[in-house]
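Just so it is clear, the model here is predicted, and its values are computed rather than measured. These values consider heavy atoms only, across backbone and side chains, with no hydrogens, waters or symmetry-generated copies.
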Amino acid sequence: MESEEQRDEREWLISYITIPLSTAIILANMVIIVGILCNRQLHNTPNYFFLSLLVADLCTGAALPFIPRMALERSLNFHACLLVHTFPNFLFLSYLFNLVMVHYERYLCIVSPLHYSQSWVHRCFPVALLAAWVPPLLYASLPAFGWNEWNQDDVDANGTFNHTLNHTAGCAVDSLDGDGMCSYRKVFPKAYIYLEVYGLLLPAIFLIVGMTARVLWITRKQLRDICKLHRAAVRDQAWVGEQRLNVRYAKCVAAVSLVFLLCWVPYITYVNVTLKWLKTDGKSQNCTMHIILSCTGIGSMAIIPFILGLANRQYTDPARKVLLKLQDCWHGMRGCTDTQH
């Protein structure tokens with residue numbers, strides 16, 4: 001068992017890491033959401049998919065302070081315990097499904113631009129949107145329908161545990177002692193966790209990476225064709241134009257690689273470390289490291305939509321105009337002050 005001081009330190013650590021991340025994610029998504037809603041030219045199917053992703057990311061940012069707390073055992077009643085574990089899991093899964101849908105929609109647009117309007121994603125937009133929200137909801141709700149590690153004797157008729165403690169019992173990755181505490185391990189069985197990781201999370205990540213690599217390969221091939229036409233049309237300036245295109249492509253590859261390293265690698269590391277702890281069934285030697293990995297892994301993954309939004313200047317035009325007006329007002333106030341002096 002851990003002391004009250006240790007519990008407070010871990011709660012403080014979670015708040016110290018997640019609150020700034022959560023605030024930044026929420027504000028960044030709000031900026032891009034307002035930018036899309038204020039520009040009628042952006043009211044089309046691709047941007048509706050991206051808007052759905054932003055909403056899911058905003059919800060994930062709001063739930064971010066609660067996700068690392070799933071690694072701590074707490075004294076909660078049965079229904080509250082289900083809610084604090086399944087609802088953040090639903091938000092995160094919906095974010096991941098929306099991210100896959102956005103990449104898939106853009107992948108179809110680049111791979112077959114002439115047939116994009118005939119694709120099911122474009123023609124059946126409500127169905128595609130439901131596909132990004134309903135499966136995560138159904139899967140996240142499975143523990144509430146009985147797929148959990150509770151026994152009937154652990155919960156009474158009022159939905160409270162028969163055995164409660166006044167302090168936390170450590171990380172949820174630790175082995176359980178049958179004390180009736182609310183924990184991650186009691187809500188999600190091992191089979192559920194492995195199915196989510198190997199059946200949903202990792203395949204989704206590999207799918208996104210595969211589609212991105214395919215788009216880069218197609219872009220490289222088109223770049224070579226453009227360079228050939230450029231050499232044939234303008235021989236004197238062919239080298240300059242080709243060099244600019246190659247530099248832009250190199251920047252694109254570097255940006256994609258940087259996003260993968262900063263956003264995906266921390267989350268993949270967190271998942272692998274968590275699975276390693278689950279396989280051992282022993283006491284976790286470093287619960288603090290688990291908290292840090294979960295905060296940074298999920299937080300870094302949640303900034304991907306903001307990075308994608310920065311690639312389109314139309315999304316950030318309203319915010320840019322507001323900043324320019326504030327800058328003009330600030331310079332005007334400083335000019336008036338200097339004139340008075």
Side-chain angles (χ1 to χ4, degrees), residues 10-11 14-15 17-19 21-23 25-26 29-30 33 51-101 129-150 154-155 158-161 168 171-173 180-197 199-201 204 267 270-271 274 278 290-291 293-305:
R10 290 174 179 176
E11 290 282 351
I14 292 174
S15 300
I17 298 176
T18 58
I19 290 179
L21 279 174
S22 177
T23 303
I25 291 170
I26 293 173
N29 281 281
M30 287 299 298
I33 289 173
L51 187 63
S52 177
L53 172 62
L54 293 173
V55 172
D57 191 32
L58 188 147
C59 294
T60 302
L64 183 59
F66 303 96
I67 294 177
R69 287 181 170 85
M70 294 165 62
L72 303 176
E73 295 184 352
R74 290 166 289 179
S75 295
L76 297 174
N77 63 53
F78 175 75
H79 302 292
C81 186
L82 280 175
L83 182 63
V84 299
H85 287 84
T86 58
F87 189 65
N89 191 40
F90 157 65
L91 294 178
F92 178 75
L93 288 177
S94 63
Y95 162 73
L96 188 64
F97 273 59
N98 275 277
L99 189 61
V100 172
M101 188 62 67
L129 196 60
L130 288 176
W133 288 93
V134 175
L137 178 61
L138 294 177
Y139 188 81
S141 301
L142 289 179
F145 291 102
W147 195 9
N148 54 58
E149 290 294 328
W150 278 304
D154 291 338
V155 184
N158 296 324
T160 57
F161 293 107
T168 58
C171 285
V173 294
M181 294 291 292
C182 169
S183 71
Y184 185 88
R185 291 283 299 274
K186 283 194 172 181
V187 177
F188 303 121
K190 281 187 178 181
Y192 181 95
I193 297 173
Y194 290 145
L195 179 59
E196 180 170 331
V197 171
L200 296 177
L201 300 182
Y267 179 73
Y270 157 66
V271 170
T274 301
L278 287 173
H290 181 270
I291 293 173
L293 286 175
S294 63
C295 294
T296 56
I298 298 174
S300 62
M301 189 178 174
I303 67 174
I304 295 178

Worksheet item: Can R69 and S15 be counted as having a side-chain donor-acceptor contact under 3.5 angstrom?
Response: yes
Which atom names give the shortest non-hydrogen contact between [X] and [Y], and what distance separates them?
{"X": "G299", "Y": "L21", "result": "CA-CD1, 4.3 Å"}
{"X": "T18", "Y": "P65", "result": "OG1-CA, 3.5 Å"}
{"X": "A144", "Y": "L82", "result": "CA-CD1, 4.1 Å"}
{"X": "C295", "Y": "P68", "result": "SG-CG, 3.3 Å"}
{"X": "Y95", "Y": "A302", "result": "OH-CA, 3.7 Å"}
{"X": "V271", "Y": "V197", "result": "CG1-CG1, 3.6 Å"}

State, with a plain yes or no, whether a side-chain heavy atom of [X] is found less than 4.5 Å away from one of [Y].
{"X": "W133", "Y": "N98", "answer": "yes"}
{"X": "L96", "Y": "L200", "answer": "no"}
{"X": "N89", "Y": "E196", "answer": "yes"}
{"X": "H85", "Y": "P143", "answer": "no"}
{"X": "I67", "Y": "S294", "answer": "no"}
{"X": "L195", "Y": "W147", "answer": "yes"}
{"X": "T296", "Y": "Y270", "answer": "no"}
{"X": "T23", "Y": "I19", "answer": "yes"}

Worksheet item: Aromatic ring centroids of F92 and Y267 under 6.0 Å?
Response: yes
Item to complete: Please step through side-chain contact (heavy atoms from CB on, under 4.5 Å) for the pair I303 and D57, ending with a clear verdict.
Response: CA-CA 8 Å; I303 67 174; D57 191 32; over 6 Å; no
Worksheet item: Is it true that atom OH of Y192 has more than 12 heavy atoms of other residues, nucleotides or ligands lying nearer than 6.0 Å?
Response: yes
Fill in: Short side-chain to backbone donor-acceptor contact, Y139 and L93, under 3.5 Å
no
Value rounded to 0.5 Å, distance of [atom1] in [X] from [atom2] in [Y]:
{"X": "S52", "Y": "L130", "atom1": "OG", "atom2": "CG", "value": "9.5 Å"}
{"X": "L83", "Y": "F78", "atom1": "CG", "atom2": "CZ", "value": "12.0 Å"}
{"X": "S300", "Y": "I25", "atom1": "OG", "atom2": "CD1", "value": "9.0 Å"}
{"X": "T60", "Y": "L54", "atom1": "OG1", "atom2": "CG", "value": "11.0 Å"}
{"X": "N148", "Y": "F188", "atom1": "CG", "atom2": "CZ", "value": "10.0 Å"}

